[in-house]
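Since the structure is predicted, the reported quantities are computational estimates derived from the model, not experimental observations.
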Amino acid sequence: MMTVDFSLYLITDRHKVTTPTLQDAVEAALQGGVRAVQLREKDLSSVELYDLAVSLRRLTSRHQAKLLINDRIDIALAANADGVHLTEQSLPVNIARQLIGPDRLLAVSTHHLDKALSCAQQGADFITFSPIYDTPSKLHYGPPQGLERLREVCRRSTIPVFALGGITAQRWHDVKTAGAQGCAVISAIIGQQDPKTAAETFLSA
């Protein structure tokens, strides 16, 4: 099992950035202390996603940060990313582990306790659990899980849990107290006018 040595997990969405490019926003966040980035741009073609992954690989390497690719194992391997982040529609966790090998991170998005607990047995290194709070990007997953469910998942999980969904710097303390290793964020950093300062604010909370 790979070591998960970060607490702030940045998920990309180029439609939310206020900077000229997604790369600019990611670099600013890296300058602010982010050490793990998930490339999640579902509407790009394979070649576009690969080119973007290679670009972010250069940025993350420069800052000694991890790069994970959402769902696309082929892109992760081609761009020499540090790992893959699976969704509920991705390949099974154990199959993905066989494909990426033991030396890359494997993360999984979870929205139910049973799924969260089964991921470790199948070879995942960490999970995100969501949505913790109300957030527009997670409405299709139903009502917020809340801190009590997060606390239960963290208590019973044998791998690190990252809280996702409506997380702000002001809520960081609450999710950490519930047992989460950290939080995964999109708009709270990537969509800000100054992603560097936003990242610093999270990490100083």
Is any side-chain heavy atom of [X] closer than 4.5 Å to a side-chain heavy atom of [Y]?
X      : Y      : value
Ile159 : Met1   : yes
Thr177 : Leu147 : no
Leu117 : Val153 : no
Leu10  : Phe202 : no
Val17  : Asp24  : no
Arg104 : Asn80  : yes
Leu52  : Gln23  : yes
Leu49  : Leu39  : yes

Got a second to check how far [X]'s [atom1] is from [Y]'s [atom2], nearest 0.5 Å?
X      : Y      : atom1 : atom2 : answer
Arg72  : Leu77  : CZ    : CG    : 11.0 Å
Ile132 : Arg171 : CD1   : CZ    : 10.5 Å
Ser55  : Tyr50  : OG    : OH    : 11.5 Å
Glu152 : Gln145 : CD    : CD    : 10.5 Å
Lys16  : Leu22  : NZ    : CG    : 13.0 Å
Ile186 : Thr12  : CD1   : OG1   : 8.0 Å

Any Lys/Arg nitrogen of [X] or [Y] sitting under 4.0 Å from an Asp/Glu carboxylate oxygen of the other?
X      : Y      : result
Arg62  : Glu27  : yes
Asp194 : Lys196 : no
Asp125 : Arg97  : yes
Lys66  : Asp5   : yes
Arg57  : Asp82  : yes

- [ ] Write down the atom of Thr201, the atom of Ala169, and the distance for their closest heavy-atom approach.
- [x]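 Minimum heavy-atom contact is CG2-CB, 3.8 Å.
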Task: For Met2, the rest of its hydrophobic cluster, which grows through side-chain links under 4.5 angstrom - done: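 Result for Met2 is Val4, Phe6, Tyr9, Leu68, Leu105, Phe126, Phe162.
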Under the side chain to side chain donor-acceptor pair (under 3.5 Å) rule, collect the residues that match up with [X], sequence neighbours excluded.
X     : answer
Gln64 : none
Asp43 : Arg14, His15
Asn70 : none

Open item on the list: Quick check with a 6.0 Å cut-off and a 45 degree axis cone: is Arg149 positioned over the face of Phe129's six-membered ring?
Closed with: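 Not flagged: Arg149 not positioned over aromatic ring of Phe129.
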- [ ] State, without any angle test, whether Ser118 and Gln121 hold a side-chain donor-acceptor pair at a distance under 3.5 Å.
- [x]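 No pair is found: no donor N or O on one side chain lies under 3.5 Å from an acceptor on the other.
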TODO: With sequence neighbours left out, write down each residue that passes salt bridge (charged side-chain N to carboxylate O under 4.0 Å, His left out) with Arg58, or none if nothing qualifies.
DONE: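 By the salt bridge (charged side-chain N to carboxylate O under 4.0 Å, His left out) rule, Arg58 matches no residue at all.
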Open item on the list: Please determine whether side chain to side chain contact (heavy atoms under 4.5 Å, CB included) holds for the pair Thr128 and Thr110, giving the CA-CA distance in whole Å, both sets of side-chain angles, and the decisive distance to 0.1 Å.
Closed with: CA-CA 6 Å; Thr128 58; Thr110 65; 5.7 Å; no
Task: Side-chain donor or acceptor of Thr19 paired with backbone N/O of Thr21 under 3.5 Å - done: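 Yes, because the side chain of Thr19 sits within donor-acceptor range (under 3.5 Å) of the backbone of Thr21.
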- [ ] Report the residues that fulfil side-chain contact (heavy atoms from CB on, under 4.5 Å) with Leu203, sequence neighbours left out, ordered by chain and then residue number.
- [x]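 Scan of Leu203 (side-chain contact (heavy atoms from CB on, under 4.5 Å), adjacent residues dropped) gives Ser7, Leu8.
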- [ ] Output, in order, the C-alpha distance, side-chain angles, deciding distance and verdict of side chain to side chain contact (heavy atoms under 4.5 Å, CB included) for His85 and Val108.
- [x] CA-CA 5 Å; His85 190 111; Val108 187; 5.7 Å; no
